[in-house]
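So the structure is just underneath, and the comments pick up after that.
In listed order, ligands and their atoms are each counted from 1.
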Amino acid sequence: MSDRIVSWHGSPSKPAYVPPAGAIDAHCHVFGPMAQFPFSTKAKYVPEDAGPDQLFALRDHLGFARNVIVQASCHGTDNAATLDAIAKSNGKARGVAVVDPAISQAELTRLDDGGIRGIRFNFLKRLVDDAPKDKFLDVASRLPKGWHVVIYFEADILEELRQFIDAIPVPLVIDHMGRPDVSQGPDGADLKAFRTLLDSRDDIWFKATCPDRLDQTGDPWNAFANAIAPLVADYQDRVLWGTDWPHPNMQDAVPDDGHLVDMIPGIAPTKALQTKLLVTNPMRLYWPEEL
Ligand code: 0GY
């Protein structure tokens, strides 16, 4: 029997909430297919295949129009699976790569041509072996025009990352808001520190994502909505949303993607906020030429 992990729902419900036309799932991944795109020898988890056909079927099922595919750590710095998915999307997907910081300018241009619009720096020790800040800053200083940096870290290292974050010379997107403890509520220490970061620059964006990772009360994730709705309202021009499908490492608490969509009005209660969160903001970052 295969010991590859399945971390996603086999038959997610159809959400009752209908996203606005052109809605973008701005945080999702593809896994493999492994026969074509082997996982990294350094991968910390080895999942079953979750390729572009499954991703695009889910997109349609949930009522979304486009995807932003973030290179998952199990594929290391070989972005072939992400590029393949983007190429198969008929222009309906763009991506965020993970690169060797010594990457050449020619390779960065090749990624740009393939629909990549940013690179991700991952600081989670359970996912990557090392995160060399000096090398990250070097590659951040020579990205193609219009690209940004995505950072993934946990709340307890925000302070120690501040100098590094301050030195990044392009716009930033923070994955899952730096994983605050949402049980502290909207005025808790973690979200206060995160707001201080957001207030330090007007080009720091964030993803209001992953209630399933951040809210131990579980579906329907009311603690997440309670803590995060004020943040979405206060920083409504720099917030994104995504499913996080196929939910790496969530095999013990697989979320129903339909329920994830149904909680969007809980963090963005008005149509105007929902349009910013799901359409205008991700379009500005990933398809600015269409605006
Ligand atoms: C996420 C979160 C996780 C994994 C990855 O690249 C990845 O493997 O991002 C995680 O395990 O917290 O954003 O998908």
* Arg126 and ligand 1 - part of the residue with a heavy-atom distance under 4.0 Å -> side chain
* Ignoring hydrogens and angles, state whether a donor on the side chain of Trp147 or Asp112 is under 3.5 Å from an acceptor on the partner side chain. => yes
* Asked: Can His247 be said to touch ligand 1, with heavy atoms closer than 4.0 Å?
  -> no
* Which residue and non-hydrogen atom of the protein lie closest to atom 9 (O) of ligand 1, and at what distance in Å? -> Arg120 NH1, 2.8 Å
* Phe194 and Phe206 aromatic ring geometry - parallel, tilted or perpendicular at 30°/60° bounds -> perpendicular
* Where's the contact between Arg179 and ligand 1, heavy-atom distance under 4.0 Å: side chain, backbone, both or neither? -> side chain
* For the residue pair Leu191 and Ile228, establish whether any side-chain heavy-atom pair is separated by less than 4.5 Å. => yes
* With only distance considered, is Arg213 within less than 3.5 Å of ligand 1 through an N or O on each side? -> yes
* **Test of proximity, Asp175 against ligand 1: N or O pairs below 3.5 Å** => no
* Report, in ascending order of atom number, the atoms of ligand 1 lying under 4.0 Å from any heavy atom of Leu127. => 3 (C), 4 (C), 5 (C), 8 (O), 10 (C), 11 (O)
* Asked: Looking at Asp244, which atoms of ligand 1 are within less than 4.0 Å of one of its heavy atoms?
  -> 1 (C), 13 (O), 14 (O)
* Answer yes or no: is there an ion pair linking Asp244 with Arg213, defined by an N-O contact shorter than 4.0 Å? => yes
* **Region of Met250 that comes within reach of ligand 1 [heavy atoms, distance under 4.0 Å]** => neither
* Enumerate the atoms of ligand 1 whose separation from the nearest heavy atom of Ser73 is less than 4.0 angstrom. => 6 (O), 7 (C), 8 (O)
* Closest non-hydrogen atom pair, Arg4 against Pro47 -> NE-O, 2.8 Å
